[in-house]
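Single-structure report; data block below.
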Protein chains: 2
Amino acid sequence: MKNSCLTTKEIENVLKSKGIQPTAQRIAVCKYVLCDADHPNVDEVKAWADENFPKISLATVYNTMNILVEVGLIKTLRFPHSDKAIFDNNTSIHHHFIDEKTSKIYDISSDEVEVKSKLSNDFEVKEYSVLLVGNKV
Amino acid sequence: MKNSCLTTKEIENVLKSKGIQPTAQRIAVCKYVLCDADHPNVDEVKAWADENFPKISLATVYNTMNILVEVGLIKTLRFPHSDKAIFDNNTSIHHHFIDEKTSKIYDISSDEVEVKSKLSNDFEVKEYSVLLVGNKV
DNA sequence: ATATTTGCAAAGCCTTTGCAGGGGA
DNA sequence: TCCCCTGCAAAGGCTTTGCAAATAT
């Protein structure tokens, strides 16, 4: 579940609307991260950028990902099986299934897994997500 | 939701039953981690051990935690807000609520949050847990 | 002209590893 | 005795930071 792919112009507008200067590096990263990427970590973003952009440093990739998280265009995920941050361009409520063997992450829609809270009112829930672990056949 | 506190003898037996040599350091760590600890990270385990045990190295703490995870006495958790591993001595199905402001983790029982999966059969779910984020008042 | 961003390298955490010394079976 | 465990220090992986040069407004 991703944003449909955006043109360069559209990415520029998205960034500007969030108060982010649309530099060439940031646009390049966004092209991948907001469109084609599927739960990438920083290495994957860097690898894609190295192939599709003249020059970008790892520091700039980190910097850009952090900015995108700050303005809410993407979210950071962390799962027990890895200490690397993983990024998700789907910022609405949904869940994740991780294949034990391959570590591949599958997005699971809210329709597919239903969560009913009976928590007392002193827990003000702002967001939630289910992590499912198992085998995908 | 924790194991009720165990005597040294009981911890020794637990470790032996898992094929782990009950050394003094391991017993000390277990006293904290299997009983009193509430979602500790390694630093907290080390700090506790420094106060309650003559001498233990950070490497041994890491080593012991990894062993406890391997034999299933505890589980590793990771949450988006921190890159540190967090350990949970409750190994049965339950959920977690994180207070946005304090980062305190609350255990949520399966009774309090119900999960219903409508996933197709090619997702073989072995375990699952819900992460809730918000404010605790 | 001014402020922001980039790239590089260094530094900072968290965690693992190598190895010599020590202790338990 | 032999093997495993511990502690220390070094190394490794991920991420952030400092700063000078380059770029954008």
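All figures in this text were calculated on a predicted structure; none of them were measured in a lab. To find a chain, count down the sequence lines: A is the first, B the second, and so on, and within it residues start at 1.
For the pair B:A59 and B:D83, nearest-nucleotide mapping onto DNA chain D gives the more 5' position to B:A59.
Rounded to an integer number of Å, the gap from CG of A:L15 to C1' of C:dT5 is 14 Å. Rounded to a whole Å, the CZ atom of B:R78 is 18 Å from the P atom of C:dC13. Residue B:L58 contributes atom CG, which lies 13 Å from atom C1' of C:dT17 at whole-angstrom precision. Rounded to a whole Å, the OH atom of A:Y62 is 14 Å from the C1' atom of C:dA11. Atom pair B:R26:CZ and D:dG7:C1' shows a separation of 14 Å (rounding to whole Å applied). One interatomic measurement links the two molecules: CZ of A:F53 to P of C:dT5, which rounds to 15 Å at whole-angstrom precision. We find that NE2 of A:H81 is positioned 16 Å from P of C:dT15, with the value rounded to whole Å. Counting to the nearest Å, the C1' atom of D:dT25 and the NZ atom of A:K16 are 11 Å from each other.
Of the candidate nucleotides C:dT6, D:dA24, D:dT15, D:dA24 has the atom nearest to the side chain of A:Q21.
Side-chain N/O atoms of A:S57 include none lying less than 4.0 angstrom from OP1 or OP2 on C:dT6. At the phosphate of D:dT15, neither OP1 nor OP2 sits under 4.0 Å from any side-chain N or O atom of A:N66. When the side-chain nitrogen and oxygen atoms of B:T23 are compared with OP1 and OP2 of C:dG24, none of them lie within a distance under 4.0 Å. Residue A:Q25 places none of its side-chain N or O atoms closer than 4.0 Å to OP1 or OP2 of D:dT23. For D:dC8, the OP1/OP2 oxygens have a side-chain nitrogen or oxygen of B:K55 closer than 4.0 Å.
Among the protein residues, B:N63 comes within range of the sugar-phosphate backbone only, with heavy atoms under 4.0 Å from sugar or phosphate atoms but none that close to a base. Note on A:A24: nothing from the nucleic acid sits closer than 4.0 angstrom, heavy atoms only.
Judged purely by distance below 3.5 Å, without hydrogens or angles, the side chains of A:S109 and A:D107 never pair a donor atom with an acceptor atom.
The cationic group of B:K136 lies under 6.0 Å from the six-membered ring centre of B:Y106 and within 45° of the ring axis, placing it in a cation-pi geometry.
Although no hydrogens or angles enter the test, the distance criterion places a donor-acceptor pair under 3.5 Å between the side chain of B:N89 and the main chain of B:V33. With hydrogens and angles disregarded, a donor-acceptor distance shorter than 3.5 Å links the side chain of B:N52 to the backbone of B:W48.
Aromatic ring centres of B:Y128 and A:H95: separated by at least 6.0 Å.
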